[in-house]
Trainee: 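Have a look at this one before I ask anything.
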Number of protein chains: 2
Amino acid sequence: MAKVSKKKLIIEHSGKSFSELGYELTSLESVAKKCGITKSAIYYHFKDKAALYKAVVCPEFTALAQKIEEYTQTGNAVQRLNAYIHTFGEFLISNPDFSAIFAREIANGSKTIPDECIEQLSRTIKQLAKILHAGISERVFEEESPFLIQMMIVTPLISCHTTKSLRERVANFTQSETLPLEPEFENIIELLSKKIIKGLQC
Amino acid sequence: MAKVSKKKLIIEHSGKSFSELGYELTSLESVAKKCGITKSAIYYHFKDKAALYKAVVCPEFTALAQKIEEYTQTGNAVQRLNAYIHTFGEFLISNPDFSAIFAREIANGSKTIPDECIEQLSRTIKQLAKILHAGISERVFEEESPFLIQMMIVTPLISCHTTKSLRERVANFTQSETLPLEPEFENIIELLSKKIIKGLQC
DNA sequence: ATAATTTTACCTACCGTTCAGTAAGGAGAA
DNA sequence: TTCTCCTTACTGAACGGTAGGTAAAATTAT
């Protein structure tokens, strides 16, 4: 065997399924089928469904936190906040699977996110808090809760993919009206970043 | 029967369950139990599970669209946008069940939202588009996609309840740090409204 | 041979759905 | 009044299907 470990295969395919169907509707049998193995083989590698989910989700949160810390160290507060939004945004936009899983978790009360992931998430918000604090020192930002700013950044970006078909359906009802309402935004990250930074400035 | 109709009871209890557990995890048997009837009684009143879900969700969307149109007719563009955000926000904040269902739908690709609801949703965004257009005429707003603004308004508000426990867990990792990060925002609607309007102004 | 991996066969539990049946009550005719 | 007929509102049992999970045998790799 050209050692493509089955474990990785399982993580890949189940990740896709978790993102497309959600945790509950993802059946291990269908995942096994896609991997070309049986359901029991999954149970050899993972204790249970929840453990598999963890194995899918944790590395993603870690990679995100890593990137955030890497790219938001230099420059003034405005530049750093811009970098924060862009780094977060590009990670979400270019990882639609992770985005979808994150969206479901948020809608779900985040009950199934393990503490390990929460810790990674807290790394990013700590970084955001630092940037906002720097902005206050530089007298360019008004004081505001980092959680609120985080939500203003993350939730629209996360929903960007998941609301696509919703926007299209809504557009079907509005397209005959006066205003042309395009349901797609090419450069949502830049648009959002500009608006949030402007909204935050003194 | 002089008593409260069972049909309403079913809608109430299932609505709570749909919002707490989601569509899939809501079992009709548990709903029936809470209503003090049998599962079959639900099938007497509703064709199937999907029809019950519709009966729960449609009136809410209609009520929302109604209120939006009612409260955003008068004033200048800034006042009307402020009214739009407040009306939408207060509806969501004071209807956490609807909020949770909406959040799940967004995370889920909105596959289970009936067209009837989409139409109601399009009413609200048409109204938003009008307001933004008025703002451009008044030379106070920059041109921007109504869909983007809608997302900036709706997704943070919707996630406000559902992220509560997430924020608390994240705060547990950050509270010992330099910045005190409060996971609660009392007046999120007003905060959000101010920032979005500022971000949109010329 | 031994350890790692995977399959076969199976269990239990639950879910949405259907369906036959029934108690209660009103409408209309006798 | 009383008998018949029909409707409303519901029950209980069962069905087909699928899900997560497990024990043990079989296969493969070292």
Side-chain angles (χ1 to χ4, degrees), chain A residues 1-58 100-101 104-105 107-114, chain B residues 1-58 100-101 104-105 107-114:
Chain A
M1 274 241 156
K3 289 292 169 186
V4 178
S5 104
K6 302 270 175 167
K7 197 167 176 179
K8 260 192 184 158
L9 243 194
I10 295 168
I11 288 177
E12 271 169 35
H13 280 111
S14 68
K16 199 138 243 160
S17 184
F18 284 140
S19 88
E20 281 168 10
L21 306 173
Y23 182 83
E24 318 294 344
L25 255 56
T26 289
S27 90
L28 297 184
E29 211 159 302
S30 74
V31 170
K33 211 174 195 178
K34 277 181 199 155
C35 297
I37 56 175
T38 50
K39 191 173 54 165
S40 298
I42 296 178
Y43 278 89
Y44 173 74
H45 291 285
F46 302 95
K47 184 179 149 284
D48 54 20
K49 195 182 182 182
L52 171 58
Y53 184 72
K54 261 196 197 181
V56 166
V57 109
C58 282
I101 290 175
R104 273 178 227 278
E105 282 294 352
N108 230 350
S110 318
K111 288 167 201 158
T112 50
I113 298 188
Chain B
M1 267 188 197
K3 291 269 177 180
V4 182
S5 101
K6 302 270 175 171
K7 196 167 176 180
K8 260 192 186 157
L9 242 194
I10 295 168
I11 288 177
E12 270 168 37
H13 280 112
S14 67
K16 200 139 239 157
S17 184
F18 285 139
S19 89
E20 281 167 10
L21 305 173
Y23 182 82
E24 318 295 343
L25 254 56
T26 291
S27 91
L28 297 184
E29 210 161 304
S30 74
V31 171
K33 209 175 196 175
K34 276 181 199 155
C35 297
I37 56 177
T38 50
K39 198 169 43 163
S40 309
I42 297 178
Y43 278 89
Y44 173 76
H45 290 285
F46 303 95
K47 184 182 150 282
D48 53 19
K49 195 183 184 182
L52 171 56
Y53 184 73
K54 260 197 198 183
V56 167
V57 110
C58 281
I101 289 175
R104 273 180 227 275
E105 282 294 351
N108 231 350
S110 317
K111 288 167 200 157
T112 50
I113 299 188

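Here is how names work: the chains are called A, B, and so on, in the same order as the sequence lines, proteins then strands, and each is numbered from 1. Just the heavy atoms: all of them, side chains too, but no hydrogens, waters or symmetry mates, feed the values below.
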Trainee: Of the nucleotides C/dT7, C/dG16, D/dC10, which one has an atom closest to the side chain of B/K49?
Mentor: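 Ranking C/dT7, C/dG16, D/dC10 by closest atom to the B/K49 side chain puts C/dG16 first.
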Trainee: Would you say NZ of B/K34 has more than 12 non-hydrogen atoms from neighbouring residues, nucleotides or ligands within 6.0 angstrom?
Mentor: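 Yes, enclosed.
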Trainee: Do the side chain of A/S40 and the base of D/dT22 come within less than 3.5 angstrom through a donor-acceptor pair of N or O atoms?
Mentor: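 Pair found.
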Trainee: Using the six-membered ring wherever Trp is involved, compare the ring planes of A/F18 and A/Y23 and label them parallel, tilted or perpendicular (cut-offs 30° and 60°).
Mentor: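 The rings of A/F18 and A/Y23 lie parallel, inter-plane angle below 30°.
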Trainee: Would a 4.5 Å heavy-atom cut-off, applied to side chains only, mark A/I37 and A/L9 as touching?
Mentor: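 A side-chain contact is absent here, since even the closest heavy-atom pair is not under 4.5 Å.
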Trainee: Kindly indicate whether the side chain of A/T38 and the base of C/dT8 share any N or O donor-acceptor pair separated by less than 3.5 Å?
Mentor: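 No pair found.
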Trainee: Would you mind classifying the nucleic acid contact of B/T26 as base, sugar-phosphate or nothing, using non-hydrogen atoms under 4.0 angstrom?
Mentor: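 The answer is sugar-phosphate, as B/T26 gets under 4.0 Å only of primed atoms, P, OP1 or OP2.
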Trainee: From the options D/dG20, C/dT17, C/dA4, select the nucleotide whose nearest atom is closest to the side chain of B/L28.
Mentor: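 Comparing D/dG20, C/dT17, C/dA4 against the side chain of B/L28, the answer is C/dT17.
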Trainee: So does B/H45 get a side-chain nitrogen or oxygen closer than 4.0 Å to the phosphate oxygens (OP1/OP2) of D/dC10?
Mentor: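 Answer is yes, contact under 4.0 Å.
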Trainee: Closest to the B/Y44 side chain: C/dT7, C/dG16, D/dA9?
Mentor: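 Ranking C/dT7, C/dG16, D/dA9 by closest atom to the B/Y44 side chain puts D/dA9 first.
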Trainee: May I ask you to check if B/K7 and B/Y44 form a cation-pi contact, with NZ or CZ under 6.0 angstrom from the six-membered ring centre and within 45° of the axis?
Mentor: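 Pair B/K7/B/Y44 does not count as cation-pi.
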Trainee: Any donor-acceptor pair, under 3.5 Å, between the side chain of B/K39 and the base of C/dG16, if you only look at N and O atoms?
Mentor: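 Check passes, donor-acceptor contact within cut-off.
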